[in-house]
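Inspection log for the structure reproduced underneath, given as structure tokens.
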Protein chains: 2
Amino acid sequence: MSNLSTTSDAILASARNLIMRGGYNGFSYADISEVVGIRKASIHHHFPSKADLVRELVQRYREDGQASVVTLEQNVPDALDILKGYADHWTKCIEDASRPYCVCALLASELPSLPPEVATEVTAFFRFISSWLTTVMERGSKSGALRLTSEPHVEAEAFLATVYGAMLSARAYGKPEVFSMILAPALNRLTPNVSH
Amino acid sequence: MSNLSTTSDAILASARNLIMRGGYNGFSYADISEVVGIRKASIHHHFPSKADLVRELVQRYREDGQASVVTLEQNVPDALDILKGYADHWTKCIEDASRPYCVCALLASELPSLPPEVATEVTAFFRFISSWLTTVMERGSKSGALRLTSEPHVEAEAFLATVYGAMLSARAYGKPEVFSMILAPALNRLTPNVSH
DNA sequence: GACGGTCTGCCTACTAGAAGGTAGGTAACG
DNA sequence: CGTTACCTACCTTCTAGTAGGCAGACCGTC
């Protein structure tokens, strides 16, 4: 119980990379086996089925996201800075090609063809991000850190859509800089007008 | 040559539906065979390889899009109305579940794992939509039909990202209405201020 | 502290079915 | 007669998943 087996972590990590490339149906146990340096059958020892593997992966992805959000909120008081931090996180991921696309964005597009257990986990991720962004919008609106033109939950969904849409465009054009090009005016629009 | 074989059209149509569900790796010739009522091998007669099939599919998808754009521009003079029309098109598709997701959006997320011939066709689609939206933005800005806060091509990318992001959210939540909820303020923001 | 038992992590070897694709034949049609 | 559209039958490779074995770590018990 000392630490959660390094191997299963390696399996999850390589699965994440593979899903980022081609989604749920775009990778196989054989692919993971090559990367991790373990036999195909041994992966089944850690994750009985593919659905188990991806469900666990998405679950952890959400938990990690929740943890990141907590530390972000602790270190950054201003709501606008939080949104900038969130956008910045993705800017870096996309630009250094380390995590150039959100796993859950890809899985969400495949939703209708996903095993139900995975699908529910993916929608749970979206609900989490959405409700978190809503609280940020609400707080920022009250404190004056953000200038909203719609209700907080609408602004939250619009911001989320912009981020994920921008991620898609960056991938489609093969130009990482497209992401921040789109996000910059979106953040600007939420910035209180100091020249007023 | 009378009309392009109905069968190959049926194959393309069912492939489109299947891709909308699960992407490039989410369907097989066997799936199409079941829907169309033709043997697996007969599909190869029309489309030698899977990549051929999807490349042709995306190519036609773009051509159809270009044709739709032309008629839209002919019938609708106002730039804002064009953007509303474009958004409306997707609203209807998503709400009646006829085409609840853009084929190219799904393929774009899978880009790194796509056969190159398909990938280039997908990026071509995005370049087309992007450049078209840019001309709409430019025209609307000059005529006063649109109120832009950034350069036309940036506004175009931002609008496109919003549309595709909203499409993803609608799918992720399983709530079609989310799409227009996000698009409404985006369009509002582009509307010239009459109360000024 | 040696002894037997269980648990863990991995292996080889295998299966059944699905994947994309091929070979070759047949019937209709201009 | 050649072309078109479809068929049956087949091939290879890949798919997720199973069966069973084996070495080592961990375990209390004598």
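Every chain is numbered from 1, with letters handed out A, B, ... down the list of sequences.
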Got a sec? Which of residues 25-32 of chain A come in under 4.0 Å of DNA chain C, heavy atoms?
-> none

Please work out whether the ring planes of B/H89 and B/Y86 are parallel, tilted or perpendicular, with thresholds of 30° and 60°.
-> parallel

Contacts of B/E73 meeting side chain to side chain donor-acceptor pair (under 3.5 Å) (sequence neighbours excluded), chain-then-number -> B/W132, B/R139

Identify each donor-acceptor pair in which a side-chain atom of residues 95-104 of chain A lies under 3.5 Å from a protein atom, sequence neighbours left out, and give them as a table.
unit_1, atom_1, unit_2, atom_2, d
A/D96, OD1, A/S98, N, 2.9
A/D96, OD1, A/S98, OG, 2.7

Pairs involving residues 9-32 of chain B, ordered by first then second residue, that meet ring pair (Phe, Tyr, Trp, His ring centres under 6.0 Å) (sequence neighbours left out) | B/Y29-B/H44

Residues which pass side chain to side chain donor-acceptor pair (under 3.5 Å) with A/Y173, listed by chain and number, not counting sequence neighbours = B/E157

When you measure from every atom of DNA chain C, which of residues 51-59 of chain B have a heavy atom less than 4.0 Å away?
-> none

Can you tell me how far P of D/dC7 sits from CD1 of B/I43, to the nearest Å?
-> 9 Å

With sequence neighbours excluded, residues passing side chain to side chain donor-acceptor pair (under 3.5 Å) with B/D31 | B/S28

Does A/T7 make a side-chain N or O approach to OP1 or OP2 of C/dC10 shorter than 4.0 Å?
-> yes

Atom NE2 of B/H44 to atom C1' of D/dA9: distance rounded to whole Å?
-> 14 Å

Separation of C/dG17 P from A/K50 NZ (nearest whole Å) | 19 Å

D/dA5 phosphate, OP1 or OP2: any side-chain N/O from B/H45 under 4.0 angstrom?
-> yes

If you draw a 6.0 Å radius around CD in A/E56, do more than 12 non-hydrogen atoms from other residues or ligands fall strictly inside?
-> yes

Any B/T149 side-chain heavy atom under 4.5 Å of A/N188 side chain | no

Gap between atoms CG and P, on A/L18 and D/dC14 respectively (whole Å) | 16 Å

Which residues share a side-chain contact (heavy atoms from CB on, under 4.5 Å) with A/S68, sequence neighbours left out = none

Tell me the salt bridge (charged side-chain N to carboxylate O under 4.0 Å, His left out) pairs involving residues 109-131 of chain B, sequence neighbours left out?
-> B/R55-B/E117, B/R62-B/E121

If you count the non-hydrogen atoms of other residues, nucleotides and ligands that lie under 6.0 Å from CZ in B/R39, is the total more than 12?
-> no

Whole-Å distance, A/Y24 OH to D/dT15 P, equals 13 Å

Nucleotides 25-27 of chain D: which of its N/O atoms have a protein N/O under 3.5 Å away?
none

Of all residues at least two apart in sequence or in a different chain, which pass the side-chain contact (heavy atoms from CB on, under 4.5 Å) check with B/A79?
-> B/V136, B/A145, B/L146

Distances under 3.5 Å between nitrogen or oxygen atoms of protein and nucleotides 11-15 of chain C:
unit_1, atom_1, unit_2, atom_2, d
C/dC11, OP2, A/R39, N, 2.6
C/dC11, OP2, A/S42, OG, 2.6
C/dT12, OP2, A/R39, NE, 3.4

For A/P192 against A/L80, the heavy-atom pair lying closest together = CD-CD2, 4.4 Å

